[in-house]
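Notes follow once the structure below has been shown.
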Amino acid sequence: MKFGIIVFPGSNCDRDMEHALRDDLEQDVVMLWHKDRDLSAFDVDDCLVLPGGFSYGDYLRCGALARFSPMMEQVINFAGRGGKVLGICNGFQILCESGLLPGVLLQNDHQKFVCKNVFLKSEHTDNIIGDNVGARVLQIPVAHGEGRYHADTKTMQSLRENRQIIFRYCNQEGEVHLSSNPNGATDNIAGICNVRRNVYGMMPHPERATSEVLGNMDGRSILEAFTYMN
Amino acid sequence: MRFTAHINVMPHKELLDPQGKAVTGALHNLDLAGIQDVRIGKRISLQLEASDEATARTMAEEACRKLLANPVMETFEFSIAAS
């Protein structure tokens, strides 16, 4: 399998992701420009990554303009065929804007950009990330101004019923409290997946926690989850 | 014909608007304590070329639905005038 990382104007975690996947996880990585349309080299065992950053300067709404990039049309088709897609931070915002994931990421409740390590807890094991991470509490950095996950009551209910909440913010002991919520996200949601379990989005940055030299390896198990064949 | 569409996009009433909340606090610091709530949205104006007003209206509506507003978090309204 291989990874494709989509680079939008304003993406700034694309090279971090490339480094994490290629050098730390020893995976094949192809960089893809947002104006290209060719995904013929990718099949359903592969994974497309939408990296963090400020695509199109966050103009209008975070992720709103990236959603109409030529490559995003192909990403939506790829996901429709069952291909795996992972969106981190701005990538998560793009996935929500494109309708591949439900809900939206709003401005943090405290109005500030938040950049720190947080603790995450996987909710279920019937998705590829949860299956690989298990019950372990992970420490992963967040860095965002708009990370407050929101969806209407009906959508929230279906997310719970379909066990689509993949990560919730928690404390070091794995307890989910409001005090460990860095942005005011509904239900402490840090990441979700779609019903089909091939599209994943999360605000925290696993690619910033994959090497010993960075002092944190907790992100490895999240990215590794995508390397296993279907 | 040329038309101008003035579009207002506002966050849903039930959503916390952190920007509006901060501005409310600042207005209170100006001794304008009577101002109880501020909500901040966007105003967008579009110049349109369309055969008639109905067509211009449809075009503006489509722009709002497909891109300018996200129904999960925002509502929109607009007015059209010949320019």
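A note on names: the letters A, B, ... follow the listed sequences, proteins ahead of strands, and every chain is numbered from 1.
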So which bits of residues 94-126 of chain A come within less than 4.5 Å of chain B, counting non-hydrogen atoms only?
A/Glu97, A/Gly103, A/Val104, A/Leu106, A/Gln107, A/Asn108, A/Asp109, A/Gln111
Would you say that more than 12 heavy atoms from the other residues, nucleotides or ligands in this model lie under 6.0 Å from the [atom1] of [X], or not?
X	atom1	result
B/Lys21	NZ	no
B/Asp31	CG	no
A/Leu178	CG	no
A/Tyr59	OH	no
B/Glu62	CD	no

Any idea which heavy atoms bring A/Arg61 and B/Leu68 closest together, and the distance?
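Taking A/Arg61 first and B/Leu68 second, the nearest heavy atoms are NH1-O, 3.1 Å.
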Quick check for you: to the nearest 0.5 Å, what is the distance between A/Arg148 atom CZ and B/Met73 atom CE?
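Going from the CZ atom of A/Arg148 to the CE atom of B/Met73 covers 9.0 Å.
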Checking heavy atoms, do the side chain of B/Glu14, its backbone, both or neither come under 4.5 Å from chain A?
neither
